[in-house]
Amino acid sequence: MTRSSRPNLGTFFFFAVAFALSAYFTFAAIQGDFGLFRRVEIQAEADTLQQDLNRLSAEIDEMENLTKRLSDNYLDLDLLDEQARSVLGLLRSDELVIR
């Protein structure tokens, strides 16, 4: 008895399953929840959030500086005058307003 040269069904099934698994894991590595595309999205979001953090830190520093300049221990009269004019709409008697 000689075996035919036809491939065995078990061999075909093994390679089909191996190919399907490798295709699935390749797809998951690229587009899955922890894949390459998701990593790029997370990095872009992290960069955006870092820029927001830097901007907000600069605003906080500016506000802390203005608060310090208006405190009882350190009073900047020019800043106080500017804030009173801006918030209260005050003018001195020798000033003109041009609109």
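Since the model is a prediction, treat every value here as computed from it, not as a measurement. Sequence positions, counted from 1, serve as the residue numbers for this chain.
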**OP:** Test N54 against Q50 for side-chain hydrogen bond (donor to acceptor under 3.5 Å, both in side chains), laying out the working first.
**Re:** CA-CA 6 Å; N54 293 340; Q50 184 64 42; 3.2 Å; yes
Original post:
More than 12 non-hydrogen atoms from neighbouring residues, nucleotides or ligands closer than 6.0 Å to CD on E59, yes or no?
Top reply: yes
Original post:
Just how far is it from atom CD1 of I42 to atom CZ of F37, taken to the nearest 0.5 Å?
Top reply: 14.0 Å
Original post:
Between F34 and F27, is there a shared hydrophobic cluster once you connect ILVMFWY residues whose side-chain heavy atoms come closer than 4.5 Å?
Top reply: no
Original post:
Does M63 reach the side chain of I60, with side-chain heavy atoms less than 4.5 Å apart?
Top reply: no
Subject >> Hphob cluster co-occupancy, F14 + F19, side-chain heavy atoms under 4.5 angstrom >> reply: no
Original post:
Are the side chain of S86 and the backbone of E82 linked by a donor-acceptor contact shorter than 3.5 Å?
Top reply: no
Subject >> Other residues, nucleotides, ligands: >12 heavy atoms within 6.0 Å of R39 CZ >> reply: no
Original post:
Looking at side-chain heavy atoms only, is the closest gap between L79 and Q83 below 4.5 Å?
Top reply: yes
Original post:
Is there a side-chain contact between K68 and E64 (heavy atoms, below 4.5 Å)?
Top reply: no
Original post:
In Å, rounded to the nearest 0.5 Å, how long is the span from CG of L21 to OG1 of T26?
Top reply: 10.5 Å
Subject >> Pairwise distance CG(L56) to CG(L49) - rounded to 0.5 angstrom >> reply: 10.5 Å
